[in-house]
Amino acid sequence: MRQAEIKQFGLENLNVIEVPDPKVVGPTEVLVRLRAASLNYRDSLVVEGKYNPKFPLPLVPCSDGAGEVIQIGSSVTEWQVGDKVLLTFAPKWIAKEATHSEIRHTIGGPLPGTLRELAIVPETGLVKMPKHLTYEEAATLPCAALTAWSGLFQFSQLKPGEFVVVQGTGGVSIFALQFAKLMGAKVILTSSSDEKLERGKNLGADFLINYKETKDWGKEVRRITDKVGADHIIEVGGAGTLEQSIAACRPFGVIHLIGILAGRSGELNLLPAVMNNLKIQGLVVGGRKAFIEMNQAIEQSGLKPVVDKVFPLENAVEAIQYLRSGSHFGKIVITI
């Protein structure tokens with residue numbers, strides 16, 4: 001089978017090679033023929049050795065994968081050959097909460113990732129694909145979509161009419177926008193690109209803020225919300241944007257801390273967060289039960305993920321370079 005792997009860290013070391021097919025499927029394991037994967041910012045960091053330089057090498061990167069079941073173990077009852085499935089990011093994470101080891105037992109590092117044709121996974125490391133999606137569309141769901149879903153519906157309860165601030169137009173942000181609109185919430189979208197803001201408006205964003213033109217965008221959010229503040233902030237910038245998120249959030253509101261795209265450190269005035277009883281909720285994807293619930297909602301609503309561009313496996317390096325450019329809107333997919 002073909003797979004993309006790194007023998008040492010660095011994007012220049014990512015190569016597509018041929019390796020022997022996996023042959024032994026244990027009694028509770030499933031063999032999946034992967035058809036598509038999608039990229040997350042984490043994947044770029046993993047390849048460069050910046051996410052965790054202690055990850056074992058060689059390593060197959062990428063955490064999102066969609067495919068079909070081609071063999072099942074003797075004790076497997078949940079799956080049948082031919083089922084269309086998605087791999088879960090953390091195969092041992094089942095319910096809402098998990099242990100440290102369950103959260104860190106993840107595919108795409110330290111476990112082999114999804115840039116390969118065949119994968120043996122535990123039967124609990126899979127969920128059904130929404131029936132109306134292609135492999136390319138479904139492959140976007142395991143990390144970005146589930147992160148947004150977990151924040152808005154697992155660790156808080158988004159309600160119709162609430163205000164959600166969505167930072168940027170990457171995978172998590174666009175899914176948060178789509179889920180918020182499904183719930184009947186109002187979305188304030190921020191971006192440095194007027195073109196991307198217009199595309200976000202076409203997806204249902206109610207208010208648009210160009211943060212390059214409006215650097216103090218927290219005040220603009222308060223103006224839009226009649227000085228109340230937003231109920232939820234999808235925070236992907238980290239230390240570089242957190243102070244504006246705090247300013248934008250209403251008392252007792254929630255800041256969903258997902259990324260660190262704007263930097264890891266910086267001077268922060270956290271007193272307003274204390275004085276306004278803000279909840280800052282860190283988010284790393286979610287458990288299998290939440291994944292199943294999310295897919296049911298996606299299937300019931302007919303929601304379609306936003307796929308920006310599709311690359312073949314042979315162009316995985318180019319796909320990651322495109323991810324790093326930040327020019328994408330939604331998700332980048334690799335066919336396998």
Side-chain angles (χ1 to χ4, degrees), residues 1-5 18-38 55-56 58-143 145-147 149-150 154 284-300 313 335-336:
M1 70 170 184
R2 295 179 308 148
Q3 68 180 30
E5 69 169 34
E18 289 192 0
V19 298
D21 292 351
K23 297 188 181 302
V24 179
V25 178
T28 61
E29 293 179 329
V30 177
L31 180 61
V32 177
R33 170 61 171 94
L34 289 162
R35 297 293 181 180
S38 78
F55 276 167
L59 177 66
V60 177
C62 218
S63 301
D64 288 345
E68 68 207 61
V69 173
I70 60 174
Q71 186 179 345
I72 62 173
S74 58
S75 299
V76 172
T77 58
E78 188 170 353
W79 306 108
Q80 295 180 349
V81 172
D83 285 345
K84 294 183 176 182
V85 293
L86 295 167
L87 275 63
T88 62
F89 174 59
K92 294 183 178 180
W93 185 358
I94 305 300
K96 180 177 178 180
E97 295 186 0
T99 65
H100 185 273
S101 63
E102 289 167 344
I103 291 176
R104 297 291 177 262
H105 187 82
T106 53
I107 60 176
L111 304 176
T114 56
L115 290 186
R116 50 182 168 149
E117 291 181 325
L118 297 171
I120 293 177
V121 296
E123 61 179 326
T124 56
L126 299 170
V127 298
K128 288 182 181 178
M129 266 178 54
K131 293 178 182 178
H132 67 295
L133 299 184
T134 65
Y135 286 122
E136 290 78 15
E137 291 167 336
T140 67
L141 301 179
C143 287
L146 187 52
T147 297
W149 179 271
S150 294
Q154 285 284 302
V284 179
V285 194
R288 183 175 188 253
K289 288 184 177 180
F291 200 169
I292 292 170
E293 291 171 2
M294 179 189 75
N295 284 349
Q296 289 171 342
I298 288 173
E299 191 170 297
Q300 182 69 27
L313 181 61
T335 56
I336 303 168

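Worth knowing before you read on, the calculation uses all heavy atoms, side chains too, and leaves out hydrogens, waters and symmetry mates. These figures come from a predicted structure and were not determined experimentally.
Remark: side-chain polar atoms of Trp79 are paired, donor with acceptor, to backbone N or O of Glu123 under 3.5 angstrom. Formation of a donor-acceptor pair under 3.5 Å by the Asp21 side chain with backbone atoms of Leu118 is not found in this model. Under a 3.5 Å cut-off, the side chain of Thr106 and the backbone N or O of Ala90 do not form any donor-acceptor pair. At distances below 3.5 Å, at least one donor-acceptor pair connects side-chain atoms of Ser38 with backbone N or O atoms of Ala139.
If you run side-chain contact (heavy atoms from CB on, under 4.5 Å) between Ile120 and each of Lys23, Gln71, Glu29, only Glu29 comes through. Under the side-chain contact (heavy atoms from CB on, under 4.5 Å) test applied with Val85, the options Leu34, Leu126, Val127, Val30 reduce to a single match, Leu126. Of the residues Pro142, Cys143, Ser150, the one that meets the side-chain contact (heavy atoms from CB on, under 4.5 Å) test with Leu146 is Ser150.
We find the CG-CD distance between Leu313 and Gln3 to be 9.5 Å, quoted to the nearest 0.5 Å. For the atom pair OG1 (Thr124) and CH2 (Trp93), the distance works out to 14.5 Å, reported to the nearest 0.5 Å. Note: Leu31 CG to Glu68 CD = 10.5 Å, rounded to the nearest 0.5 Å. Interatomic distance, Asp64 CG to Leu87 CG, rounded to the nearest 0.5 Å: 9.5 Å. Rounding to the nearest 0.5 Å places OG1 of Thr114 at 14.5 Å from CZ of Arg35.
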Problem set entry | Residue pair His132, Ile298: steps toward the side chain to side chain contact (heavy atoms under 4.5 Å, CB included) verdict | CA-CA 9 Å; His132 67 295; Ile298 288 173; 3.8 Å; yes

For this session: Report the C-alpha separation of Thr335 and Glu136 in whole Å, then their side-chain angles, then the decisive distance to 0.1 Å, and conclude whether the side chain to side chain contact (heavy atoms under 4.5 Å, CB included) test is met.
Result: CA-CA 7 Å; Thr335 56; Glu136 290 78 15; 3.5 Å; yes

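Residue Pro110 comes nearest to Leu59 through the heavy atom pair O-CD1, 3.9 Å, listed as atom of the first residue, atom of the second, then distance. Between Ile107 and Pro91, the shortest heavy-atom distance links the atoms CG2-CG, 4.3 Å. The nearest pair of heavy atoms linking Pro58 to Glu5 is CB-OE2, 3.8 Å.
Each salt bridge (Lys or Arg N to Asp or Glu O under 4.0 Å) pair with one or both residues in residues 71-94, not counting sequence neighbours, appears once here: Glu78-Arg288.
The side chain to side chain donor-acceptor pair (under 3.5 Å) search around Arg2 returns Glu117, Glu314, not counting sequence neighbours.
A heavy-atom distance below 4.5 Å is found between the side chains of His105 and Leu111. In this structure, Thr88 and Val121 have side chains that are not in contact, with every pair of non-hydrogen atoms separated by 4.5 Å or more. Taking 4.5 Å as the limit, some side-chain heavy atom of Gln154 sits within range of a side-chain heavy atom of Glu293. Two residues are said to be in side-chain contact when any heavy atoms from C-beta on lie closer than 4.5 Å; Phe291 and Leu141 meet this criterion. Proximity of Val19 to Met1: side-chain heavy atoms (C-beta onward) are separated by under 4.5 Å at one or more points. When side chains are defined from C-beta on, Ile336 does not count as touching Tyr135, because their heavy atoms never get closer than 4.5 Å. With contacts defined as side-chain heavy-atom distances shorter than 4.5 Å, the pair Ile94/Lys289 qualifies.
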